Structures are given as C-alpha cells and as structure tokens.
Undergrad: 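Here it is: the structure, laid out below.
What's counted below: heavy atoms across the whole structure, side chains too, no hydrogens, waters or symmetry copies. Because the structure is predicted, anything quoted here is derived from the model rather than measured.
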Amino acid sequence: MRYSATPMLLLGLFALAPFVVLTIITLTDIHIMGYSGQALFASYSAILLSFVNGVLSGQVLEGKPQKYSNRTMVLNHLIMLVAWGSLFMKVPELSIGILLLGFITTFWLDGRWLRLVSQSYKAYSKIRFALTVVLSVMHVIVLFPVY
C-alpha cells in the first residue's frame, strides 16, 4: 500500500480540529447540552482512537499473514474495548488518562507492526508521531487545566 503525505496530513489536521475546540471548551468551563468539556473531549477521543485502531486493523488485514498478526489484532481490539469501556466509568478525568495511554499504545503498536512487515513509511510514521504528540499534549492540558 502506498501512502501519500498530503492526504494523511490533512486528515490528521481535520481530526485534531475538534480536539482544539473541545480543549478550549474545557478550559473555559462551558457545558454543551449538559455535558462538560471533559466528557465531550473523552467521547471524541474514544471515537478517534477507534478510528486509528481501525486503520491499523486494515493494515494488518491487508498484508500477508505474519507471525504476530493475531496478537496485533487482539491487542488492537482490546485497546478499542478499553477506550469505550472507560466512558462508562462516569469519571472523565480517568477516561481521558486511559484514552491517552490508548493513543500512545496504538502508536507503539502501529510502529511495531510496520517494522515487522519490513515496510518503510517514513512520511506516515513522521505524521503519526507529530499527531500523537499534539494529541497527547492536548490530553494532558485537559487533564491538568489549572497547572
């Protein structure tokens, strides 16, 4: 599969836009339809984490079966289940922390998978790294808005 940096970058930036808005909503303590900014941030984070894991699932399914294909898929689906399960805890701060760990784990899993199949996606890896860092910073800002 061939990757082009421009569509990936645009898709990544469009995915980050709601995070920026929700971070501002959280910092200004605005409630929308009775939901706090943190609750909305956590919900969108779970949606995006599921999407990113879906992309990884597509990469695993598209390629030739590898030694660790099943393990990658199981861990991938486990991350998605934990992400959605974290929303049921009714503690947005804990959900956001768990989702942050989910994004970092997914980035690690994605990198390991690309290394395993011996494919070089330098542009993809750089964009994923940059987006993961920005996303992680926003999660930390939402978790610790006072400091």
Side-chain angles (χ1 to χ4, degrees), residues 1-30 32 35-64 66-69 71-87 89 91-147:
M1 180 181 213
R2 187 168 183 268
Y3 289 99
S4 175
T6 305
M8 286 188 306
L9 181 60
L10 286 175
L11 184 63
L13 292 175
F14 285 133
L16 284 180
F19 277 112
V20 172
V21 172
L22 291 169
T23 300
I24 293 168
I25 288 172
T26 299
L27 293 176
T28 55
D29 200 29
I30 296 174
I32 298 177
Y35 294 102
S36 69
Q38 284 183 329
L40 295 171
F41 187 94
S43 298
Y44 183 68
S45 185
I47 291 168
L48 191 64
L49 185 57
S50 294
F51 174 77
V52 171
N53 277 294
V55 170
L56 179 58
S57 293
Q59 290 174 350
V60 173
L61 292 173
E62 181 182 287
K64 297 176 188 174
Q66 299 290 329
K67 181 179 179 181
Y68 296 106
S69 295
R71 290 181 189 172
T72 303
M73 290 296 283
V74 167
L75 185 55
N76 187 13
H77 284 81
L78 182 64
I79 292 169
M80 285 190 275
L81 288 172
V82 168
W84 285 102
S86 73
L87 296 178
M89 290 189 291
V91 181
E93 296 84 3
L94 186 56
S95 295
I96 292 169
I98 290 170
L99 292 164
L100 171 61
L101 293 175
F103 278 107
I104 293 169
T105 305
T106 301
F107 175 74
W108 173 81
L109 187 62
D110 194 20
R112 299 278 297 178
W113 176 254
L114 289 176
R115 196 172 317 129
L116 180 66
V117 295
S118 301
Q119 297 174 351
S120 177
Y121 298 118
K122 292 186 187 237
Y124 174 79
S125 296
K126 286 180 183 178
I127 290 171
R128 276 295 311 274
F129 177 74
L131 293 173
T132 302
V133 167
V134 171
L135 195 60
S136 297
V137 167
M138 282 193 269
H139 276 74
V140 170
I141 289 171
V142 169
L143 276 175
F144 304 105
V146 177
Y147 304 107

Undergrad: Could you give the distance from CG (Leu101) to CD1 (Ile79), rounded to the nearest 0.5 Å?
TA: 10.5 Å

Undergrad: Just grab all the side-chain hydrogen bond (donor to acceptor under 3.5 Å, both in side chains) pairs involving residues 39-48, residues at least two apart or on different chains.
TA: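 Sorted pair list: Ser45-His139.
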
Undergrad: Nearest 0.5 Å, what's the CZ-CG distance between Phe41 and Leu99?
TA: 8.5 Å

Undergrad: Tell me, please, which residues at least two apart from Phe129 pass ring-ring contact (aromatic ring centres under 6.0 Å, His included).
TA: Phe107

Undergrad: Atom CG of Leu81 and atom OG of Ser86: how far apart are they, to the nearest 0.5 Å?
TA: 11.0 Å

Undergrad: Strictly by salt bridge (Lys or Arg N to Asp or Glu O under 4.0 Å), give each pair with a member in residues 91-105 just once, sequence neighbours left out.
TA: none

Undergrad: Taking all non-hydrogen atoms of both residues, which atom of Ala83 and which atom of Leu49 are closest, and how far apart?
TA: CB-CD2, 3.6 Å

Undergrad: Which is it for Leu100 and Ile96 under the side chain to side chain contact (heavy atoms under 4.5 Å, CB included) test, yes or no, and what are the steps along the way?
TA: CA-CA 6 Å; Leu100 171 61; Ile96 292 169; 5.5 Å; no

Undergrad: So do the side chains of Phe51 and Leu11 get within less than 4.5 Å of each other, counting heavy atoms only?
TA: yes

Undergrad: For the atom pair CZ (Phe103) and CG (Leu135), what is the distance rounded to the nearest 0.5 Å?
TA: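 Here the rounded value is 4.5 Å.
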
Undergrad: Can you tell me which residue pairs pass the salt bridge (Lys or Arg N to Asp or Glu O under 4.0 Å) test with a partner in residues 13-26, sequence neighbours excluded?
TA: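 Every candidate salt bridge (Lys or Arg N to Asp or Glu O under 4.0 Å) pair involving residues 13-26 fails, so no pair, neighbours aside, qualifies.
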
Undergrad: Report yes if the side chains of Ser136 and Ile104 come closer than 4.5 Å at any heavy-atom pair, otherwise no.
TA: yes

Undergrad: Per the side-chain hydrogen bond (donor to acceptor under 3.5 Å, both in side chains) rule, what does the pair list look like for residues 98-112, sequence neighbours excluded?
TA: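 Applying side-chain hydrogen bond (donor to acceptor under 3.5 Å, both in side chains) to every pair that reaches into residues 98-112, excluding sequence neighbours, yields Asn53-Thr106, Asp110-Tyr124, Asp110-Arg128.
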
Undergrad: Among Leu61, Val60, Val74, find the one that has a side-chain contact (heavy atoms from CB on, under 4.5 Å) with Ser69.
TA: Val60

Undergrad: Give me each pair satisfying side-chain hydrogen bond (donor to acceptor under 3.5 Å, both in side chains) with a member in residues 72-82, each pair once, sequence neighbours excluded.
TA: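 Passing the test, one end in residues 72-82: Ser57-Asn76.
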
Undergrad: Give, for atom CG of Leu109 and atom CD of Gln59, the distance between the pair rounded to the nearest 0.5 Å.
TA: 10.0 Å

Undergrad: For a quick test of reading the model, state the closest non-hydrogen atom pair linking Ala39 to Pro92 and the distance between them.
TA: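 Result for this residue pair: N-CB, 4.0 Å.
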
Undergrad: Looking at CD1 of Ile30 and CD1 of Ile25, how far apart are the two atoms once the value is rounded to the nearest 0.5 Å?
TA: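 Ile30 atom CD1 to Ile25 atom CD1 measures 6.0 Å (nearest 0.5 Å).
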
Undergrad: Looking only at heavy atoms, what is the nearest atom pair of Trp84 and Ser50, with distance?
TA: NE1-OG, 2.5 Å

Undergrad: Side chains of Ile98 and Met89: does their closest heavy-atom pair fall under 4.5 Å?
TA: yes

